[in-house]
**Student:** 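Once you've had a glance at the structure underneath, I'll fire off some questions.
Basis for what follows: all heavy atoms, side chains included, without hydrogens, waters or symmetry-related copies. Numbers for residues simply follow the sequence, beginning at 1. Both counts, for ligands and for their atoms, begin at 1 and track the order of listing.
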Amino acid sequence: MSENFEPRIVAFCCQYCSYAAADLAGSMRLSYPPNVKVVLVPCTGRVDPLHILRTIEDGADGVCVAGCLEGDCHFLEGNFKARKRVAYVQRILNEAGVEDARVRMFNIAASDGPGFAEAARMMTETIRALGPNPLSTKTEKMTEEL
Ligand code: FES
């Protein structure tokens with residue numbers, strides 16, 4: 001693994017909680033690794049397994065799905081569906097010989113800016129330890145676009 005490896009992580013964050021927590025972390029000037037790129041979604045229940053797999057295929061080294069706390073989803077069960085889908089994607093990755101820790105679900109309250117910063121740090125360290133995504137066929141292309 002290259003010593004200069006910097007993980008590229010995509011975080012699908014629901015607008016009501018985890019996206020607000022990410023915003024709050026910024027407002028609180030909490031430092032967390034810039035490796036995590038946030039994608040706003042209406043609810044984690046809208047994140048399809050294909051979105052996660054396509055993100056990995058397109059060169060992300062890790063993917064987080066971050067939603068409301070359990071019981072707080074504004075669409076009632078979206079985060080429970082997301083948790084099942086993340087587990088499903090983890091099984092597919094395992095079958096493909098890829099570490100399932102590259103995909104992870106977080107539940108973060110809107111008021112928990114520090115929790116978002118901690119999740120970003122944790123995910124970045126995990127992926128840094130795993131190294132580059134072995135499935136990526138477009139890593140170079142993505143790097144050029146950034
Ligand atoms: Fe946040 Fe559903 S609205 S997970």
**Student:** Between the main-chain N or O of Val103 and the side-chain N or O of Gln90, is there a donor-acceptor pair closer than 3.5 Å?
**Tutor:**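 A pair under 3.5 Å: yes.
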
**Student:** Using atom 2 (Fe) of ligand 1 as the vertex, how large is the angle between SG of Cys73 and SG of Cys43, rounded to 10 degrees?
**Tutor:**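 It comes to 100°.
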
**Student:** Heavy-atom contacts with Tyr16 under 4.0 Å: which atoms of ligand 1 show up? List them by number with element.
**Tutor:**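 Near Tyr16, the atoms of ligand 1 are 3 (S).
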
**Student:** Answer whether the closest heavy-atom distance between the side chains of Arg83 and Asn107 falls below 4.5 Å.
**Tutor:**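 Counting from C-beta outward, Arg83 and Asn107 do come under 4.5 Å.
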
**Student:** Please work out the angle at atom 1 (Fe) of ligand 1 defined by atom SG of Cys68 on one side and atom SG of Cys14 on the other, rounded to 10°.
**Tutor:**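 Between SG of Cys68 and SG of Cys14, the angle at atom 1 (Fe) of ligand 1 is about 100°.
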
**Student:** Between Asp100 (side chain) and Leu93 (backbone), is there a donor-acceptor pair under 3.5 Å?
**Tutor:**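 Answer holds: no.
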
**Student:** Are the side chain of Asp61 and the backbone N or O of Pro132 linked by a donor-acceptor pair below 3.5 Å?
**Tutor:**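 No, the answer is negative, given that no donor and acceptor are paired below the 3.5 Å cut-off.
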
**Student:** Using the ring of each side chain (for Trp, its six-membered ring), is His74 parallel, tilted or perpendicular to Tyr16, with breaks at 30° and 60°?
**Tutor:**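 It falls in the parallel class, under 30°.
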
**Student:** Against heavy atoms of Thr44, which atoms of ligand 1 measure under 4.0 Å?
**Tutor:**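 Near Thr44, the atoms of ligand 1 are 4 (S).
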
**Student:** Closer than 4.0 Å to some heavy atom of His74 - which atoms of ligand 1 meet that?
**Tutor:**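 It comes down to these atoms of ligand 1: 3 (S).
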
